[in-house]
Structures are given as C-alpha cells and as structure tokens.
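First the structure, in the form of structure tokens, and then the observations on it.
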Amino acid sequence: MRRIGVFVCHCGTNIAGTVDVKTVAETLGKEPAVVYATDYPYMCSEAGQNIIKDAIKEYKLEGVVVCSCSPRMHEATFRKAVSAAGLNPYLLEVANIREQCSWIHKDMEAGTAKAIVLGRAAIAKVQLNAPLIAGESPVVKRALVIGGGIAGIQTALDIADAGYPVDIVEKEPTIGGKMTQIDKTFPTLDCSSCILTPKMVECAQNENITIYSYSEVEAVTGFVGNFSVKIRRKARFVDENKCTGCGVCTEKCPVKNVPDEYNLGLSNRHAAYIPFAQAIPNVAVLDKNRCIKLTKGKCGLCSTVCSAGAIDYEQKETIVEEKYGAIVAATGYNPIKIDGYDEFAYSQSKDVVTSLEFERILKADGPTDGHLQRLSDGKQPKTIVFVQCVGSRESGSSHGCGKEYCSKICCMYTAKHAMLCREKYPDTDVYVFYIDVRTPGKNYDEFYRRAVEQYGVHYIKGMVGKVAPQADGSLMVQASDLISNEQLHVKADMVVLAAAIEPDKSARPLATMLTASMDTNDFFTEAHAKLRPVESPTAGVFLSGVCQGPKDIPETVAQAGAAASKVIGLLAKDKLSCNPCVAHSNEMMCNGCSSCANVCPYGAITYADKDFSRRQDGSMIRRVASVNEAVCQGCGACTVACPSGAMDLKGFSTSQIMAEVDAICK
Amino acid sequence: MQEVMKKRASELLADGTVVRVLGWKNGEFAYDPTPAVFQTVESLEAFVYNDFCASNLSKYLIKFLRQEGKTLVFLKPCDSYSFNQLLTEHRVIRENVYIIGVPCDGKVAEDKLREKGAEGILGIETEGDQIKVKTLYGDLDLNKKECLGERCLSCKSHQVVVFDEMLGENGEENPDCGRFDMVEKLEAMTPEQRFEFWRGELSKCIRCNACRNICPACSCEKCVFDNPASGISQKAAADSFEENMFHIIRAFHVAGRCTDCGECSRVCPQHILLHLLNRKFIKEMNECYGEYQAGAEAGSRAPLVNFTMDDCEPSIIYTKEAGK
Amino acid sequence: MQVNNEFRPKIVAFCCNWCSYAGADLAGTNRANYPADVKIIRVPCSCRVNPMFILRAFQRGADGVILCGCHPGDCHYTTGNYYARRRMTMLFSMLSYLGIEKGRTRVEWVSAAEGAKFAATMNEFVETITALGENKRLEDLRCKK
Amino acid sequence: MADLKEQVLTASGVNPLKCMRCGKCSGTCPSYDAMEYHPHQFVYMVEKGDIETLMKSESIYKCLSCFACIERCPRDVEPAKLVEAVRLAVIRQQGQNHLKPQQVPEMLDEELPQQAIVSAFRKYSK
C-alpha cells in the first residue's frame, strides 16, 4: 500500500463555506493508506504548494490527493508542485470538492459527507496510479494557415516575421477575403482596400510565406508538432508562373454573363477572370463550368490572345502534401441567406439589399461604381431604411435560418453606412430600426453618437414588421416605434438588411479533419473561453478570426496576432512532451482481433506477429496490437472494444476506475 | 456420408494437400462424439460422422493457426459462419485451412432421445426423416424432426458460407426460422416476469465455464474473468450478482461477433437458455442498426465497432418497452 | 436537510472530461444545485466507459448510473460518443431484457456550456432513482426469494 | 393578481421572459392603430402581472388573431396567444358557465356547424 498524503483546500470560503474541511482532512487522515492529511486556506498558493512539497519529503509520500477545485483548473499546478518535490507528477489525483461539491450543495452535512467520499475515491485511484513519463515528439517548424482573409493574412505575416515558414491555403482564386469587398472601415472611416492590399502584397513578397490560392485542405493526419496535410490545388487552367495578370484574356473572353462573386452577383464577369484588380496572386482563372473551351471543346480565344502562353486547358488539379507543426483555422464567415424572411421582401425587390451588398454599392469598384443607386432603376434613393438584427438574436424555430447569437458587427457597420449616406448625399433621409445599439469598443459609441447628432440619422427603437413593395417602385416599411408607442409607415426607396453572419460552410468539414470541436453554431470552440481563447482544445490547432466567433476587423487582427504568437511559441520548441495518458496493449492477452483498430479515430493501433514461444503453455506466433503513443490521444474507445481486456488506458485504467466506483459505492 | 468424408480425408492426407484432419471421433458415449485431430490415414479409422456430431469445429483451428502444413476441417453450415467470424478477427489464416463443407439438416439431441425412451445408446443411423437409434435394449425407430436439438429447430441457415469443396448439396438460408420467437415472448412479458424468468435461468449456473469454453467467439488468449488485472476476475460466482455479471459481460463481449451457432446452450449442463441472451443482442442490433449476420461474410464490420451519425439514442430502449 | 432513515440513492455519474465534466464544473460555477447523492467519476471520453463499470457500480450498491458525454458530433475525439451510444443502447437493452427497472441507467449528452442542463438532468435523475427505490434486482438475483 | 398572471401563462403556454423587446410584433400588427395596448405591451404587461388593465381594455377584442406576431417573432414568444389567454381570463371571470350542457340540444340547428357549438361550449363553460 502506498503512502498517501491528503491536502484539503478551503479555497477561502468557497469550499470551507459548505464543506467542513477540518472534518474532511481528519476523516481522510484515518484512511488506511493515508499517512498525512491537512487543510489550508489556499492550496494553489505558493505557501500551499510548499506544504505539499514539504510533506512529500517529510512523510516520504508515494501518492498525493488534493481536495480542491476542479482538476481542469489546477491539476497542472499541483502536478508541477509534486514533480518539484521529486514525485512523479502522475502520482497525483485531484478530488473536485468545489465545482462538484461545495458550490452546488448548501447543506454542510451533505457537502462534507460527499467531499469525504470524493476524497476516498481519489485515494483509491491514486493507489493504482502508475508513474507516467511523457514521451517526446519532434516539432516540424512550419505552420499552415487555412483561410486567406485578414485573419489568415495577419497570422501568416506574424509567423513569417518570426522566421518560420508558413503556408496559406485559400479556397478562392485570391487572398483577401471579405475585407476586399468592404468600402470603408469603422470607426475611422478609412478605406478598407487601402489598409488591406499592402498586407496582401506583403504576403506575396514575404519569402517565408507560400500562398496556395484556389486550394482546399483535403486531409489532415498526425498530431501537434507533426501534422501531415494534403492540399488540393484546384485547376485554374492558367499557369501561375507564366501569367502576368495583364487581363487581356478576361477582356476577350466571349462568355460575359457569369454572376460576379466579388460583387455578390450584382454584376457579371467573364468566364476567364481575375476576381478584382488587386488580387493576389494577380493571376487569371478559367471558370470550368462556364468556359466554352472547357465545357464544349470549342473557342480557345484566351489562349490565342495570351502573349505569355499561360493558358493551359489540360491543367489538372494536384495534391500537395506537406508537414506542419501547427495549424491555424481562419475560415471566416458569410452573411446568412435571408430568402426565408418573406416579410422583408428581399426576394421580391431588387432595392432590398443586404449590408454586404450595400458595401458593394458604396464601393468605387462595385456594380454602380460607387454611386448610391437603386439597383432596380438606377435612381438615387431619397429615403433609406436600415433594419438591424435580421437573423441575429433569434431563437431556433422562428425562421429556421436565424442565429441565436448577436452578430456583433452590424450595429457599427450600419452606423457607418448611415453616416456615409448622409455625408455623400445630405438630402437622403436615413432611418435605422434597432432593437439595441451595441457599441462596446474604443471610440465606438462616439461613432454611433456622431451618426445621430452630427449626421442626423433617425434611430428608431423598434423592429420592422413588414416591407411591402409598392406599385410606384417604392417600399412601404411598417415598423413599430417603441419609444413613442406608435406604428410607423415609412415610404422608402431602399431597404438595407443587416443579415446575421455565420461561420463559413467549409469550417465544419475542416473541424472534422482537424478533430477540433465546434459549438452548435459551427464556430470553433476555444480551449478555454477566457484563458485560452485562440487555441482549439485539439493540441496544435489554433483559431484566428470569425471562425471562433463574431468579431470586427480590429478584434480579428488582434486575435490573428495572438494565434500567431501561440504558433510561434510552439514552433520555437524542438520537442514536445506527449500526453502520457495513452492506451497500451498487453500482448500476453491480445488476440489480435482488430476490434480496437476498428474504433480508433487516430489510426494509432498497428499489428505485428510476435513470437511467444518461450511461454510454456504453447509455442506460438501471435498477431498482437501495439499503440503508437505519439498518435494516441487517449480516448479509450479501444479499451471497451477489446473483448479480452488486453487494451487499457494509462491514467484511466480499468482497475483505477473500478477502484473509484468501489470507493464511491461503499 | 461418414465414409465419403473419410475417403476424401484419406486422399488429401495421402497426397500431402493437408497434414492433419480435424473431425470427430466417438467420445465416452456414442451420443457424444468429440472433436479429434487425425494425422495419419490409419488413424482415420476412428473418424466418425453421424447425427450426433454437433460440435462446432471452427474454434479448434485457432490452435493450428501457425503450425506447419494445412489443416483439413469439416464444417457444417453453423460452423462455417463461425469460421468466417474467426477469419474477420484474424484468428485463423484462410490459406492454412482446407475446408470441406458438409450439409446439415439438424443434429439429434441426446435428451430428446431419452424423452422418447432411449436408454443405453450405442449408435445412430439416419435414413431420410427417420433415425434408427441402437441401444443396449434394442433398436428404436424415431422421427428425426422430433429428436432435433433446440437450436436446430430454429436454424438460421443450411448454407455452408465458406468452403474449398462441398460434399453433397449446399443448403440455403432460412430467414423464416423464427429464431427470435422466444426473445419476442420474453420482451412481451412485464419486467417483473422477465426478472423472474432470468432469475430462474441464471441461478442454475454452476460456473463450469462450458459455455465460454465451447464458444467460437469466446476465444480470447485470456478471458477477462481469469485475469486478475481486469477487476472482475472470478473463479466461481461469489454471489448471484456475479452470475449475472458473467453472463451479461459474456454476451456483451460476443455481441456483434456471435454467429448464433447455439453451442453455448447445447453444452450447458444446467440447460440454461444462454442463446436467448445472444439472440436478444442480435435482434436488438438488427432493429437499431440494420440487419447484420456475424460470419455471413468475412471482413464485415460488426455493429458495435461501427456507428452512424444518426444512430438511435439509448433511451429508445425505454420508449420501445413503454410502447409495448 | 438529510433525515435519517430517509432513502438517499447512491448515484454514480461518469462524465467525459471535455464536455460533461466541464458542464458539471459549470453547474458548480453557476451554483446550480443538485443533490449530493450524485458522485462524478471523470473519464477521458464516454467511450472509455465499459459496461463492466456500470455493472460493477450496481454490484457495489449504486442505485443509479448515468453516463454523460459530449453531444453526438461534438466528441473531442470525434467519434467516441458514437461508439458509447451504441454500447449503452445494447447494455440498456440487455438490462431491460433481464427485467431490471428502466431508468436506473441513463445516457445524457451535456456540453461544456450546459451547466444548467447538467444540474437539471441530475435533479431529474435523482428523482427517478429515488422513486424507483433501492436497487435490488441487480444486487442479488438468486437469493432473494 | 399573481394567480391571474399564472392563469394567463398556463393557458397560453407563453414565457414572456423570452421577449427581447424588439417590437417586431407591433411592427407587424395590422390592428395596431385600433389597439390601446399593442402586442409588445401585452407581453411586457403580462410579465409585470398587470393583467387586469389588459382585461379592461378593448384591445383584446381588436386583435384579429391573424398570428402575424407569432409568425414573425424572432424569439418564439407568441404574443397572440397571450391576447387569447387574456380574453379567456375575462370570459372565465364573467360568472362562470355561460353555456350549460342542458342548453346545447335546443341550440342545435341544421345551419349551425357542430364544431361551433363544441368550441363555444369549451370557451363559455368553466
């Protein structure tokens, strides 16, 4: 029997308030294996840790149980302390008597009794804990950034600046993302392209950065420090190295009626195209679904006019395989589809547009060359109504496409839009219907107030109930004004809907490939909402930008930098210590039946024939399983699939869990 | 049939195709032939095949997995499913085995004969539907159907699913065998009645381990119940719970792997209806995850090492029961 | 207040480290009360829970056992809870077949964000088990006549 | 007072706490101008327990039960159900059973759909 020390934490009054910590320490001190038991106001403090360290030495402890807050909080702290005193860090167990005891039970007697039981279970488990030594695995000093919007760009630049090679995978023909489509940025109203394009160029020129545009991640295997990624480079039918971006092919291409993605379908482009003037790489693409040569085998005009000889109709998609130490998800967002909101007449009227479409209308390289015009008749609108929270802050069932969260950026960009309208076209009447105006952020509320006070934008608290297209081409907006308690009918020329934003559709399959977790809205989950906001719980996967949650540009850039610094911290290491709580197979009992390999999500189990001839009870070569400890993540699926019980999990072994069960049910 | 089999075995042994033959020879009693290995043509004299040869030979092949030379084995339909399952689990190597399939229309159970008054059984002869049981007290002519073992009355398949050659004509699957009838009957009972039923059954268990030892799916190098590290090892059941535990865990370990060969119930000296546990799992998995027959196809993936994203929730078991 | 002689069930809750254990922690952080009868055992994933553990708990006197894991699709290990779901479905099926009262075992998916759900689930489960009373059938099947 | 609120909540099955005060219900309501208290106010007043004021108001009879507010509400609050519940509360207070089973046979008439009688019975008796 091991010599166990028990340390009960008061956590101030957090634990001591509903658990009689003295009694817990006293009672657990009487357990057969326990040679030392004490309590202390803050075990996690330096003084508390010293008590543990001293006791390990003085009482020659072989196992430590700390009754304190959740192991998710301070297990690592206590492991370090135990380790400093010369004991294997895995000979420590934490009994969670705060989150799962003192905080939920009001009754002192019941709380104390439960704390004792939880302590006993930890003592029973630690008796069976094996001293584990974390293995090491090397770190590939290269990072992958998935998504080439402002988040991906900033992350890549920061990693590259630190001297590590980094690859950007972007599914569109150019990097830049949503920010390329935006006109001005709040709260300073500087031009989006002017601040973005230099960064795009920097990416292209930085020797440490490789851009895989028009490419998608196909498969990810491996683990932190050693990911192996297959990148599918879609065929663009243009040789990237030869194309000079002169744009002649895009002018001569006879197919002119392809909806232009850059303008959200508000204008058309050719089948041969460069997404926009500042595209990086500045290389043409042939739309394989619309190009006459690629669909019907005829035409070939672009090839004739291309002086660089860059057009290659035979180009095939290729797979690039590369190793990375770290992966950053920066997959961004899209506005939701709002066709389901019949009351706003989005599908019925061209003059009801989304905010992103409105950006295109305002921007100089947009479908109206930056002139504020109605898309139906090209007339300048005199009255514009902005509707906030379209699809945001909705509970699930109402429209089916609504989101329960606040999209965060809409209040600010709507204030920006309203302001720009009034500035450029002072004779325009601008109404903003809002539920709440949310403007936390530096200079944000000031910005919004300026829209109201200086620019005279009519902010009305109340939601629009109905938008009805009128025979004269105007739009009748019916809404409630909750402050004056009246129903308003505004005859508008244009209605702009602040559609909710949602994670890009590519995020979910990517998360599956990365084995990174997501919330129900398909935003990536962070390892800790407060303390590890840019890391995924899956080691080696980091989060940048809106794929983690709604953010505006300054926040995205800040988070992108934070993700980069985490990546740099990882790549700076030569070796990583692995999680030692992994599966292992007892070869003497293994049947080699493959049940375990069938359920292993990581492909960590392999089989080999081994000679067991020296055993007396049979001279046999048997097929037995072995676990790659660097690949295994320690889920334990194999341990239950194994009928013979040969497979067990270190740190959560069958006997350990059984011992806990026994202690709890005693 | 016995002579044809013997002849083929002699030929294959003589021409070196195989180095040993796995078959049956008479056991202590004539009604209890025992699996046997024959390594010479001469020894084949003792080879027996008749309607008492019920035991499933597949499991014995594990022993010869890595031994020199090929093994000839005679597989009945039931046994061939077990063979495929062992193949799936890499417990046998197909190339090391020469399989002769033998058709089967059911094996005779000794206790059924006793019910018909047969004592001191010396042998059996089959002629179509009729059997002639030789006893110390003279011959007894009986209808074979009436003397079949329980499992043969609800035989799922008369088809040998894997073989190198077939002696006689191969049979067909028998989907209307009604093998789940008894399970359904139990399901229709109240929980209290079921509890009573199983209490009656399982309390008979003497933990002789016959079910485990005969079961082709229970072929672990070391059974968890014999392994002190498993936390549930037991030599004998200390209390009634451990009886349950043994049988639940055993059924669980073979769930998705059990081919429903019925050997467990056949060999149980206490006549516990063990196959009803396995069949419950088979039926439930069929209902929840689609039809699956272990051993029908080598290399297939059993339901418990598989999943779909939209599997039913465990609570379905409770709503199902409430619906009844 | 706990009154003597009043039946208090023994309940074992297996919680996966990533979702449900964190959900239980969140219940604590939010001070969402549930009875002290529930004792949690942390496992890396719901798929680590062997049916043996559940039977063992019953054998040692537990009156109810609940398994909590990440929502299907959200498993930290991608697929663990899918296997757990099938295994538990089969275990429940067998227990019910053997005549064990339904409701003594339960599976619930609780995410790290669902502290309130965790507490509500535990309250409900304790209620169910208290109504069922002491676990007798799984403790002794033979000698209770 | 509290009982009345409880009654309205139970009868309607509405949880007014789900309301985020966006006013879309009132923005969408075709009877808005005819109503003294508007749909969003119904939700707020029920939440505050101010049921009697609503019961006395003509507003409850101005609601057309077109359910546009239910359809459009982003939070699934269902204001129209509250209006209906308040109407019901009024009816229930007006001297108990307005329609007794014995009265039903004499009311039967070829022209009148049976369903109308059944629903009237449901509505006008306790």
Side-chain angles (χ1 to χ4, degrees), chain A residues 69-73 94 96 98-107 109-115 117-118 121 125 508 511-512 515-520 525 529 537-538 581 599-602 633-642 645 649 651-652 654 657-658 660-666, chain C residues 1-2 8 10-12 14-19 21-22 24-45 47-54 56-62 65 70-71 73-80 83-84 87 111-113 119 122:
Chain A
C69 55
S70 170
R72 294 170 57 87
M73 191 72 116
V94 176
N96 185 343
R98 192 179 75 173
E99 281 85 345
Q100 297 179 5
C101 188
S102 71
W103 275 354
I104 37 169
H105 308 313
K106 290 187 183 125
D107 175 40
E109 199 183 322
T112 308
K114 178 168 170 182
V117 172
L118 294 178
K125 187 180 180 195
R508 170 72 55 183
T512 309
T515 67
S517 46
M518 286 195 133
D519 63 19
T520 47
T525 314
T538 304
C581 295
V599 298
C600 178
Y602 305 103
Q633 297 292 304
C635 68
C638 53
T639 60
V640 185
C642 177
L649 187 65
F652 293 96
T654 300
I657 297 174
M658 293 261 205
E660 283 184 89
V661 169
D662 291 359
I664 286 175
C665 296
K666 199 150 67 181
Chain C
M1 250 337 258
Q2 209 163 317
R8 296 304 323 174
K10 273 188 189 153
I11 289 172
V12 179
F14 291 99
C15 291
C16 87
N17 182 46
W18 304 98
C19 288
Y21 194 87
D25 277 357
L26 185 61
T29 311
N30 295 343
R31 311 297 195 273
N33 294 77
Y34 56 87
D37 312 313
V38 178
K39 314 282 191 314
I40 295 170
I41 294 180
R42 181 163 71 127
V43 287
C45 175
C47 69
R48 175 64 188 97
V49 176
N50 198 312
M52 247 159 47
F53 301 163
I54 293 172
R56 172 71 153 231
F58 283 129
Q59 175 187 21
R60 294 296 155 112
V65 180
C70 309
H71 286 267
D74 292 345
C75 176
H76 177 73
Y77 306 98
T78 341
T79 53
Y83 295 116
R87 288 167 187 162
S111 83
M122 291 307 149

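Proteins get letters first, then strands, A, B, ... in listed order; numbering begins at 1 in each. These numbers come from a predicted model, not from an experiment.
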Which pair of heavy atoms, one from [X] and one from [Y], lies closest together, and at what distance?
X      : Y      : answer
C:D25  : A:N96  : OD1-ND2, 2.9 Å
A:T639 : C:N50  : O-ND2, 4.2 Å
C:Y77  : A:G634 : OH-O, 3.7 Å
A:P601 : C:T79  : CB-OG1, 3.6 Å
A:C665 : C:A57  : SG-O, 3.7 Å

* Working for side-chain contact (heavy atoms from CB on, under 4.5 Å), residues C:R48 and A:I657 -> CA-CA 10 Å; C:R48 175 64 188 97; A:I657 297 174; 4.0 Å; yes

Determine the option with the most heavy-atom pairs under 4.5 angstrom with chain C, choosing from [options].
options                : value
A:C69, A:A121, A:P71   : A:P71
A:K106, A:R72, A:Q633  : A:R72
A:K125, A:R508, A:M658 : A:M658
A:C638, A:C101, A:C635 : A:C635
A:T654, A:D519, A:T525 : A:T654

Under 4.5 Å from a heavy atom of chain A, the part of [X] involved:
X     : value
C:F58 : neither
C:R42 : both
C:V49 : backbone

* Asked: Do A:K114 side-chain atoms and C:V38 backbone N/O form a donor-acceptor pair below 3.5 Å?
  ->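 Such a contact is found between A:K114 side chain and C:V38 backbone.
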
* **Sidechain-backbone polar pair: A:H105 side chain, C:Y34 backbone, donor-acceptor under 3.5 Å** =>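 Confirmed, A:H105 side chain pairs with C:Y34 backbone.
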
* **Nearest-0.5 Å distance, CD1 of residue A:I104 to CG of residue C:N30** =>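 Result: 11.5 Å between the selected atoms.
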
* Say you draw a straight line from SG of A:C600 to OH of C:Y83; how long is it, rounded to the nearest 0.5 Å? ->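 Between A:C600 SG and C:Y83 OH, I get 9.0 Å after rounding to 0.5 Å.
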
* To do: Output the option from C:G61, C:G80, C:A24 having the highest count of non-hydrogen pairs under 4.5 Å with chain A.
  =>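 Highest number of pairs under 4.5 Å: C:A24.
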
* Report the option among C:S111, C:P35, C:A113, C:A119 that has the most heavy-atom pairs separated by less than 4.5 Å from atoms of chain A. =>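 Most pairs with chain A among the choices: C:P35.
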
* Take A:R98 and C:T29, measure what side-chain hydrogen bond (donor to acceptor under 3.5 Å, both in side chains) needs, and give me the verdict at the end. => CA-CA 9 Å; A:R98 192 179 75 173; C:T29 311; over 6 Å; no

* Residues C:R56, A:D662; criterion side-chain contact (heavy atoms from CB on, under 4.5 Å); working and verdict -> CA-CA 8 Å; C:R56 172 71 153 231; A:D662 291 359; 2.8 Å; yes

* Please test C:I41 against A:V661 for side-chain contact (heavy atoms from CB on, under 4.5 Å), starting from the C-alpha separation and ending with a verdict. => CA-CA 8 Å; C:I41 294 180; A:V661 169; 3.7 Å; yes

* Asked: Given that the side chain runs from C-beta out, which part of A:V599 has a heavy atom under 4.5 Å from chain C: side chain, backbone, both or neither?
  ->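 Looking at A:V599, backbone and side chain both touch chain C.
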
* Residue A:A641 versus chain C: region with a heavy atom under 4.5 Å ->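 For A:A641, heavy atoms of backbone and side chain both lie under 4.5 Å from chain C.
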
* A:L649 side chain reached by C:V43 side chain, heavy atoms, under 4.5 Å ->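 No, side chains not in contact.
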
